[in-house]
Protein chains: 2
Amino acid sequence: MAIVNTELKNAPLPSIKRLPIYLNMLRLMQVKGRPVVSCTHIADDLHLDPTQVRKDLAITGIIGRPKVGYQVPELIQSIEAFLGWKKANEAFLVGVGNLGSALLGYEGFAHLGLKIIAAFDSHPEKAGKTIHGREVFPLEQLPSLASRMHVHIGVLTVPASAAQSAADVLIGSGIRAIWNFTATRLDAPPDTIVENVELASSLAVLSSKLEATMKNKKKS
Amino acid sequence: MAIVNTELKNAPLPSIKRLPIYLNMLRLMQVKGRPVVSCTHIADDLHLDPTQVRKDLAITGIIGRPKVGYQVPELIQSIEAFLGWKKANEAFLVGVGNLGSALLGYEGFAHLGLKIIAAFDSHPEKAGKTIHGREVFPLEQLPSLASRMHVHIGVLTVPASAAQSAADVLIGSGIRAIWNFTATRLDAPPDTIVENVELASSLAVLSSKLEATMKNKKKS
DNA sequence: GGCTTATTGGTATTTTTTTATCGAGAATGA
DNA sequence: TCATTCTCGATAAAAAAATACCAATAAGCC
Ligand SMILES: NC(=O)c1ccc[n+]([C@@H]2O[C@H](COP(=O)([O-])OP(=O)(O)OC[C@H]3O[C@@H](n4cnc5c(N)ncnc54)[C@H](O)[C@@H]3O)[C@@H](O)[C@H]2O)c1
Ligand SMILES: NC(=O)c1ccc[n+]([C@@H]2O[C@H](COP(=O)([O-])OP(=O)(O)OC[C@H]3O[C@@H](n4cnc5c(N)ncnc54)[C@H](O)[C@@H]3O)[C@@H](O)[C@H]2O)c1
């Protein structure tokens with residue numbers, strides 16, 4: 001009956017996806033020195049429904065005060081804790097090409113609980129280099145390094161043709177979760193977490209909307 | 001306000017997001033020379049529900065044959081037409097940094113109905129260069145080039161601090177749709193399409209799952 | 001101190017999306 | 001030819017998510 005379903009119960013996926021958006025906004029507020037915030041305010045700012053915001057925040061276990069709202073720092077902590085972003089999870093990146101290099105150069109991951117500590121590539125010319133401060137190793141060294149360093153996350157940015165085999169290496173090395181930037185749907189055992197970054201899906205939403213408005217324009 | 005739009009536009013967003021995933025798979029099938037495919041087969045391959053696949057495909061207007069399925073080339077065409085991917089939509093990219101450069105170097109966009117024809121950057125050192133075959137112009141030249149070339153899509157990859165002002169330039173230049181890679185929620189008029197690429201959301205799903213399994217492990 | 005108002009947190013309702021069911025059509029092989 | 005089997009397409013049911021509602025509560029104001 002009570003509120004206590006928080007910990008292991010499966011929260012709605014759409015809610016989880018909104019949490020980092022709140023988090024980003026809350027951090028900006030914290031910088032500005034705002035001590036408290038209400039759902040109404042958050043909702044106004046992000047053009048969402050206040051009730052939805054309240055329900056989303058509730059899954060992290062935060063409790064607010066009527067007429068006041070939530071303490072900003074406390075709310076930030078609560079979201080971070082729920083997502084496992086309090087300490088940065090260490091990760092390996094596989095495939096140091098266009099995208100892989102860009103991700104290695106992105107400082108924002110520090111705020112998203114991710115720390116890429118090393119990179120791997122099968123190309124002899126890439127291995128041995130240092131890109132954005134991270135050493136690039138030959139792929140063969142991944143298994144031993146992964147077990148030695150207790151890394152649980154793999155970021156996959158190889159070409160589609162190499163995606164499954166590279167994923168197999170990650171899985172064989174005891175990696176728990178793969179952040180998959182390739183268009184390939186990976187085969188993986190059920191206890192391995194695979195999260196696909198579907199850039200194409202995002203673009204599909206954009207272009208189907210664009211297509212619809214264009215068609216509309218023509219008609220009227 | 002055109003009422004005509006409603007019948008065209010009410011496809012479920014989750015369905016639209018799955019379409020490019022089908023498309024990718026169908027193209028692989030076409031390469032292999034497979035002439036027809038059934039929902040059952042697609043569903044098996046992608047670990048989805050066959051009924052869901054059928055409904056998704058139905059929104060593109062395709063009609064299949066019982067006992068046979070769909071003609072692969074016809075189905076590809078149907079999805080492409082629905083998404084507006086039959087001809088590549090021309091786009092400008094703003095912010096030629098880590099991510100912007102990676103996107104410029106990505107050849108896969110040709111299959112996603114996108115063709116980035118030029119790039120813009122406010123940094124004097126970047127303007128004038130050519131990156132992956134695309135010329136980089138100073139941001140000031142964007143408005144005149146956009147109207148001259150009838151470009152409708154802007155890809156936004158500037159730092160968060162510059163996101164809104166760069167978006168304003170795009171909007172002021174008659175751009176219809178912004179593919180926003182920054183974490184900033186942009187203010188835009190209602191007739192401008194803004195599609196946010198929420199990398200953080202994707203990572204949040206991954207890490208909350210990882211966090212949950214870790215907690216589980218500890219308990220047992 | 002009592003009144004008013006903003007806001008939480010729980011419940012209820014509506015809407016959206018997913019999943020199940022079933023009749024009919026079409027290929028296959030007996 | 002005809003039964004069999006697979007698959008589509010439509011409809012119905014279930015599940016998930018978004019939205020509406022309201023009592024309780026705390027802050028600010030008169
Ligand atoms: N570049 C982008 O903007 C972009 C956008 C969306 C999706 N993607 C996807 O990301 C992936 C990488 O794209 P990219 O543009 O960076 O490609 P890329 O060719 O620039 O880089 C791929 C890298 O992977 C390395 N590699 C190849 N096989 C490997 C293996 N078996 N093990 C380890 N490393 C291996 C290559 O040496 C190369 O350095 C692709 O699957 C692509 O579809 C890229
Ligand atoms: N790099 C990544 O992997 C990554 C991942 C997720 C999100 N992002 C987001 O993408 C954006 C860009 O990231 P990045 O790593 O490429 O940053 P970056 O600093 O490497 O590149 C930003 C580029 O934008 C240019 N720029 C700055 N202000 C501008 C303006 N007003 N008009 C035009 N150009 C301007 C800069 O000169 C620079 O070339 C950021 O908002 C970041 O949050 C990046």
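Predicted model, so just to flag it, every value in this text is computed and none were measured. By convention in this document, chain letters (A, B, ...) are assigned in the order of the sequence lines, proteins followed by strands, and residues within each chain are numbered from 1.
The side chain of A/Asp49 has D/dA20 as its nearest neighbour among D/dC8, C/dT17, D/dA20. With C/dT8, D/dG9, D/dA18 as the choices, the nucleotide that has an atom nearest any side-chain atom of A/Arg18 turns out to be D/dA18.
Note on B/Lys87 versus B/Glu80: no salt bridge recorded, every NZ/NE/NH1/NH2 to OD/OE distance being 4.0 Å or above. Between B/Glu107 and B/Lys115 there is no salt bridge, since none of the side-chain N atoms of the basic residue sits less than 4.0 Å from a carboxylate O of the acidic one.
When the P atom of C/dT19 is taken as reference, atom CG of B/Asp56 falls 11 Å away, rounded to whole Å. The NE2-C1' distance, from A/His41 to C/dT5, rounds to 18 Å in whole Å. Following rounding to the nearest Å, A/Lys17 (NZ) and D/dA16 (P) show an atom-to-atom distance of 16 Å. Going from atom CD1 of B/Ile59 over to atom C1' of D/dG9 covers 15 Å, rounded to whole Å. Put simply, CD on A/Gln52 is 8 Å from C1' on D/dA17, counting in whole angstrom units. Taking atom CG on B/Leu75 and atom P on D/dC8, their separation rounds to 10 Å, with Å as the unit. For the pair B/Leu57 CG and D/dA10 C1', the computed distance is 16 Å after rounding to whole Å. Put simply, CG on B/Asn10 is 10 Å from P on C/dT17, counting in whole angstrom units.
Both A/Gly69 and A/Lys55 lie near DNA chain C, and the one whose nearest nucleotide falls closer to the 5' end is A/Gly69.
Atom CD1 of A/Ile63 has 12 or fewer neighbouring heavy atoms from other residues, nucleotides or ligands inside a 6.0 Å radius. Heavy atoms of other residues, nucleotides or ligands lying less than 6.0 angstrom from NE2 of B/His41 number more than 12.
Under a 3.5 Å cut-off, the side chain of B/Asn180 and the backbone N or O of B/Thr184 do form a donor-acceptor pair. Checked by atom type and distance alone, the side chain of A/Ser208 pairs as donor or acceptor with a backbone atom of A/Ala204 at under 3.5 Å.
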Q. Using a cut-off of 4.0 Å between protein heavy atoms and nucleotide atoms, how would you tag nucleotides 21-30 of chain D 5' to 3' with B, S and -?
A. ----BBB---
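A donor-acceptor contact closer than 3.5 angstrom links the side chains of B/Asp56 and B/Tyr22.
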